[in-house]
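Throughout, protein chains are lettered first and strands after them, A, B, ... in sequence-line order, and every chain is numbered starting at 1. Only this structure's heavy atoms are used, side chains among them; waters, hydrogens and symmetry mates stay out.
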Amino acid sequence: MSSRYKSFVSVENLDAHVGQEVTLNGWVYDKTEKGKLVFIKLRDGSGTVQCVLFKPNVSEEIASAAQSLTQESSVSITGTVRKEERSPTGVELDVTNVTVWQISRDYPISPKDHGVEFLMEHRHLWLRSARQHAIMRVRSVVVKAIRDFFDGNGFRLMDSPIFTPNACEGTSTLFETQYFDLGKAYLTQSGQLYAEASAMALGKVYTFGPTFRAEKSKTRRHLTEFWMVEPEMAYFDLNDDMDLAEDLVEYIVQCVLKSSPKELAVLGRDVSKLEAVRRPFYRMSYTEAVEWLNKNDVKLNRKQSDGTEIQVDFPWGEDFGAPQEEALMQQFDKPCIIHRYPTEVKAFYMKRDPADVKVALAMDMLAPEGAGEIIGGSQREDDHDALLQRILHENLSQQDFQWYLDLRKYGSVPHAGFGLGLERTVKWITGADHIREVIPFPRMIYRIMP
RNA sequence: UCCGCAGUAGCUCAGCUGGUUAGAGCAUCUGACUGUUAAUCAGAGGGUCCGGGGUUCAAGUCCCUGCUGCGGAGCCA
């Protein structure tokens with residue numbers, strides 16, 4: 001590949017340069033010496049390769065430059081690429097020259113044994129570690145897969161605003177900010193309402209960007225700032241919506257399997273579990289799920305007025321919590337879509353099932369291996385009066401939603417969409433045990449630094 | 001917000017029913033070694049035991065309080 005901007009040989013494609021002398025620009029990941037040998041593990045952002053310097057082969061200056069290197073010193077190393085059986089990457093560099101840019105002193109992160117607090121405080125440096133590096137590369141592949149999937153299926157990207165005048169869903173808490181003389185503005189918690197307007201203009205659209213929730217959630221599945229992709233399709237019903245969600249998730253997983261085997265190996269991911277993620281996924285109605293829970297004795301902890309907890313059968317009408325979702329998913333080796341939730345636990349914009357008005361045409365996709373909910377979606381309410389009724393029922397401002405109601409006045413059509421949480425998806429695919437590891441700089445209830 | 005747990009060397013931790021000079025491994029520095037990859041071996045330096053108050057002849061250890069962090073719940077993607 002040739003380009004006008006600067007490019008150089010990268011570790012990633014060193015095997016194309018066997019026998020040649022190349023210069024790598026990077027940082028020292030690790031260094032050990034053994035007598036007249038100096039072993040330097042060099043990382044250049046694309047990968048890591050071991051460089052071997054045999055002192056008698058180079059000048060004293062070069063040898064002492066190599067010996068002076070410390071962890072994370074910046075350095076350019078020139079040498080001959082050689083096939084090497086003993087190397088995990090299959091190649092090594094026989095060093096002929098070393099140019100030191102900076103000697104790093106007291107780099108805080110050593111190759112092992114650190115606590116979470118320490119690593120989070122050094123997130124800006126932690127990203128250099130092999131595991132974090134692998135996760136970030138997978139994240140990048142997942143984003144590309146998502147965009148390729150939609151771009152290749154007739155969707156148009158329609159960005160939605162981050163400043164919004166009101167809540168999309170009354171339930172969640174919003175981050176508030178002063179917006180000049182126009183009063184309060186909020187950071188968006190979903191681009192969906194704008195995606196609906198966009199779908200009426202362009203047919204099939206998706207919005208992809210950061211969203212914000214001021215929920216005081218402190219779990220390994222929550223961030224206050226996270227990325228969400230939200231497709232919205234005119235003339236789609238709930239079944240079409242579920243079909244699309246399946247196709248998307250299958251595509252993402254298969255893309256990662258294809259393009260990131262090295263990263264998955266670094267992460268120790270069991271790829272056979274990902275290979276199993278093929279359509280069709282499982283599907284189950286909420287009502288069937290409740291029946292399953294009660295048949296399998298999965299109880300609900302309920303607090304009584306005196307403060308004690310008792311275990312009760314799961315009542316129809318209650319939303320599932322993490323324990324119920326986990327129990328349900330234990331039987332499945334690939335994602336499961338649960339659909340037709342009780343209207344009362346779902347958002348006002350979701351259409352009621354004409355066959356049973358107690359349930360909404362909503363669906364959630366749960367990922368296996370304890371990963372939990374990665375998608376939430378629905379067919380939208382397309383009837384003006386029904387939607388207005390729900391807005392008033394939820395005590396939302398009719399005026400704030402006037403533009404949204406307009407969509408039901410001027411050529412309303414059945415339409416549906418969903419939101420896929422990027423970080424939850426990457427967490428599942430990489431097998432990361434906490435969502436904070438799958439976004440470069442996580443924002444959580446008790447952490448905003450670095 | 002609620003429930004539970006923790007804070008001791010740069011890092012990860014041990015430190016018993018309170019007892020006199022607070023330990024280990026890793027990291028760092030010095031030296032040895034032509035195949036290390038969590039190298040090994042020999043040596044060295046490194047401490048406000050989270051802050052404040054209290055009990056006691058004596059507190060890293062017990063009590064109160066504050067701070068910080070972790071795990072989980074609810075809510076959700």
Identify whether any heavy atom of [X] sits under 4.0 Å from a base atom; if not, whether one sits that close to sugar-phosphate; answer base, sugar-phosphate or nothing.
X        : value
A/Ser87  : nothing
A/Gly321 : sugar-phosphate
A/Pro88  : nothing
A/Leu420 : nothing
A/Arg221 : base
A/Glu33  : base
A/Ile374 : sugar-phosphate
A/Phe118 : sugar-phosphate
A/His434 : sugar-phosphate
A/Asp30  : sugar-phosphate

Rounded to whole Å, how long is the line connecting atom [atom1] of [X] with atom [atom2] of [N]?
X        : N     : atom1 : atom2 : result
A/Arg220 : B/G71 : CZ    : P     : 7 Å
A/Arg436 : B/A77 : CZ    : P     : 22 Å
A/Arg424 : B/A77 : CZ    : C1'   : 4 Å
A/Glu117 : B/C13 : CD    : C1'   : 15 Å
A/Tyr206 : B/A77 : OH    : P     : 21 Å

Would you check if there is a donor-acceptor pair between the side chains of A/Ser76 and A/Thr99 at a distance under 3.5 Å? no
For B/C76, does the base pair up with any side-chain atom of A/His222 as donor and acceptor (N or O, under 3.5 Å, distance only)? yes
Does B/U36 have OP1 or OP2 under 4.0 Å away from a side-chain N or O of A/Arg86? no
Both distances below 3.5 Å, Watson-Crick or wobble geometry, any strand: find the nucleotide opposite B/C2. B/G72
Nucleotide forming a Watson-Crick or wobble pair with B/C62, both distances under 3.5 Å: B/G54
Going by an N to O cut-off under 4.0 Å, is there a salt bridge joining [X] and [Y]?
X        : Y        : value
A/Arg139 : A/Glu423 : yes
A/Glu72  : A/Arg43  : yes
A/Arg279 : A/Glu250 : yes

Picking from B/G35, B/C76, B/G72, which would you name as closest to the side chain of A/Glu325? B/C76
Of the candidate nucleotides B/C70, B/G35, B/C76, which contains the atom at the shortest distance from the side chain of A/Glu92? B/G35
Does the aromatic ring of A/Phe226 sit over the six-membered base ring of B/A77, closer than 5.5 Å centre to centre and tilted less than 30°? yes
Taking everything shown except A/Trp101 itself, do over 12 heavy atoms lie less than 6.0 Å from its CH2? no
